[in-house]
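As the structure is a prediction and not an experimental result, all values here were calculated from the model. First listed ligand is number 1; within each ligand, the first listed atom is number 1.
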Amino acid sequence: MIVILDFGSQYTQLLARRIRELKVYCEILPYTTPLDQVRKQSPKGIILSGGPDSVAADHANGNGNGKDMPLPHPGVFMLGIPILGVCYGHQVLGKVMGGKVKRSSRREFGLSKLNLIRSADIFNGIKPKFDVWMSHGDEVAQMPVGFVALGSSENAPYAAMANPLKKVYGLQFHPEVSHTEFGSLMLKNFVFEICEEEPTWQMKDWIGNACKEITKQVGPYKVLVALSGGVDSSVVARLIHKAIGKQLVAVYVDTGLLKAGETERIRRIFGKLFEDSLIIIDAKERFLKVLKGVTDPEQKRKIIGLTFARIFEEAAIERRGLLFLAQGTLYPDVIESGKSVSGKAHLIKTHHNVGGLPDDLKLKLLEPVRNLFKDEVRELGRELGLSDEVLGRHPFPGPGFAVRILGEITTERVDVLRAVDSIVDEEIRRAGFYDRLWQVFPVLVGAKTVGVVGDMRNYQEVIAIRAVESLDGMTADWSKLPHELLGAISRRIVNEVPSISRVVYDITSKPPATIEWE
Ligand code: XMP
């Protein structure tokens with residue numbers, strides 16, 4: 001197995017996932033893990049992740065001595081196994097092994113070119129100049145003794161370095177991010193050629209282990225699964241059902257902030273499978289009431305999370321022995337809510353099913369897929385026998401339309417967005433683009449503009465269309481949909497929904513924007 005020591009990067013789980021793709025088992029441990037515990041795993045290699053901290057700057061006074069910087073146990077560097085440092089991990093190597101790290105005069109964020117200086121096993125099969133994804137403000141200014149430079153970028157002379165004898169490698173860029181050309185190949189070279197691992201891990205093993213864990217954790221108690229009908233919660237419900245059968249209670253809450261026809265869909269798809277263990281709760285009025293007058297996105301998310309939690313607690317009180325709440329939290333939800341393994345990742349937004357839960361939640365949390373990415377969850381669902389109708393759906397955020405209606409949530413605005421959403425859905429499917437996109441949805445942006453309809457002045461709201469392509473939701477590019485299709489969508493919206501006067505198309509990637517607008 002491979003151990004990843006986490007320093008709080010947004011991309012740590014992406015590293016883990018790339019290793020799983022190679023069919024190799026890996027585990028993420030906080031960088032503070034005691035040496036004994038690391039040794040106990042008998043890893044064949046260690047990866048030091050990126051992170052938001054700075055090796056060069058002192059956090060207290062910025063004098064550059066780096067004394068507060070997070071570092072792993074020094075014994076980690078003496079285990080005699082290969083080590084790969086990525087981004088902050090690269091700088092940790094530079095510092096710990098005796099080189100110098102300094103604040104860069106020019107920071108690098110986004111795409112950069114790497115020029116290979118000399119050949120090395122980690123770059124086998126890779127061309128001499130290629131795109132890499134950078135995100136750093138510090139750089140290695142002087143390499144430690146025993147290290148050689150492998151590659152440079154415009155602003156980082158030692159963007160790739162190695163001590164070939166000790167099998168220690170440092171990469172300033174992120175090989176785990178899909179924008180880095182040959183990134184997966186570098187990790188493959190590290191895992192198979194340098195660590196000499198074997199590709200033996202598979203999804204079936206994951207299911208077997210997860211079921212065992214769930215059974216052990218739950219014991220004789222019941223588990224309430226928060227079923228939204230989306231891919232993640234559906235897969236979690238099916239997985240838990242496989243593990244504990246009748247001990248599962250599936251609860252679907254109609255928040256009134258959902259796409260058209262959701263409740264009927266849930267009944268049709270899950271009614272048979274879960275029979276009388278499926279409970280449908282109508283909470284439309286309740287959500288509208290708690291969201292009245294709320295416009296701040298973080299507050300919306302927190303209120304929605306809290307309301308969900310209270311509804312689940314109430315449902316649990318009605319059933320004896322119901323002790324657990326299971327939800328389809330995914331890794332991007334965890335990391336963007338600032339809850340990494342190391343506790344060092346920054347908050348981007350509070351995903352309703354993670355940060356929105358109250359501290360006094362009276363149910364114990366069960367989140368069996370919290371370390372997986374969307375496409376891995378889809379693969380898991382396929383293995384568990386769920387249909388393409390369920391697995392092929394686009395992600396839909398827990399807070400639903402509340403984070404796609406900027407400003408106040410009212411029944412009228414929800415109805416408008418739902419009508420527009422159905423049009424967008426229909427047109428995208430008709431044109432055969434649904435399966436090519438990660439997500440496509442309209443946003444009610446809360447601005448009004450002037451139009452002219454039948455010689456009359458019209459002053460109504462604007463809709464933005466967001467369509468993105470992505471592998472995992474961590475990074476995304478706006479989709480270059482054909483102009484004719486965008487035109488058809490726009491025409492239908494302004495013709496069929498009188499309270500919309502204008503349609504615009506969002507052409508921002510993630511980063512720097514996020515996928516949802518709030
Ligand atoms: P962002 O907007 O952060 O979204 O780029 C990344 C992916 O996560 C979905 N998303 C959520 N999913 N609860 C969820 O279950 C949430 O609170 C939430 N917020 C965003 C979003 O739709 C996208 O696919």
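In this structure a side-chain-to-backbone donor-acceptor pair under 3.5 Å is missing from Ser277 to Ala250. Using a distance-only test at 3.5 Å, with no hydrogens or angles considered, a donor-acceptor pair links the side chain of Lys480 to the main chain of Trp478.
Aromatic pair Phe308/Phe287: centroids less than 6.0 angstrom apart. Ring pair His394/Tyr434: centre-to-centre distance below 6.0 Å.
Within ligand 1, counting atoms from 1 as listed, the ones closer than 4.0 Å to a heavy atom of Pro395 are 24 (O). Listed by number with element, the atoms of ligand 1 under 4.0 angstrom from any heavy atom of Lys510 are 1 (P), 3 (O), 5 (O), 6 (C). For ligand 1 and Thr514, the ligand atoms under 4.0 Å from any heavy atom of the residue are 1 (P), 2 (O), 5 (O). Residue Gly398 approaches ligand 1 through these ligand atoms, each under 4.0 Å from one of its heavy atoms: 13 (N), 14 (C), 15 (O), 16 (C).
Proximity annotation for atom 19 (N) of ligand 1: of Gln327, Lys300, Arg301, Arg301 comes nearest, heavy atoms only. Distances from atom 12 (N) of ligand 1 to the heavy atoms of Pro397, Gly230, Ser470 show the closest one on Pro397. Taking each of Met474, Glu518, Gln439 in turn, the one with a heavy atom nearest to atom 23 (C) of ligand 1 proves to be Gln439.
At under 3.5 Å, a nitrogen or oxygen of Trp438, whether backbone or side chain, sits near a nitrogen or oxygen of ligand 1. Between Pro399 and ligand 1, not a single N/O pair is under 3.5 Å apart.
With a 6.0 Å cutoff to the six-membered ring centre and a 45° limit on the axis angle, Arg404 does not count as a cation-pi contact of Phe401.
For the atom pair Met186 CE and Thr180 OG1, the distance stands at 6.5 Å (nearest 0.5 Å).
A donor and an acceptor atom, one from each side chain of Glu461 and Ser499, are nowhere located under 3.5 Å apart.
Looking at Lys374 against ligand 1, nothing comes within 4.0 Å, counting heavy atoms.
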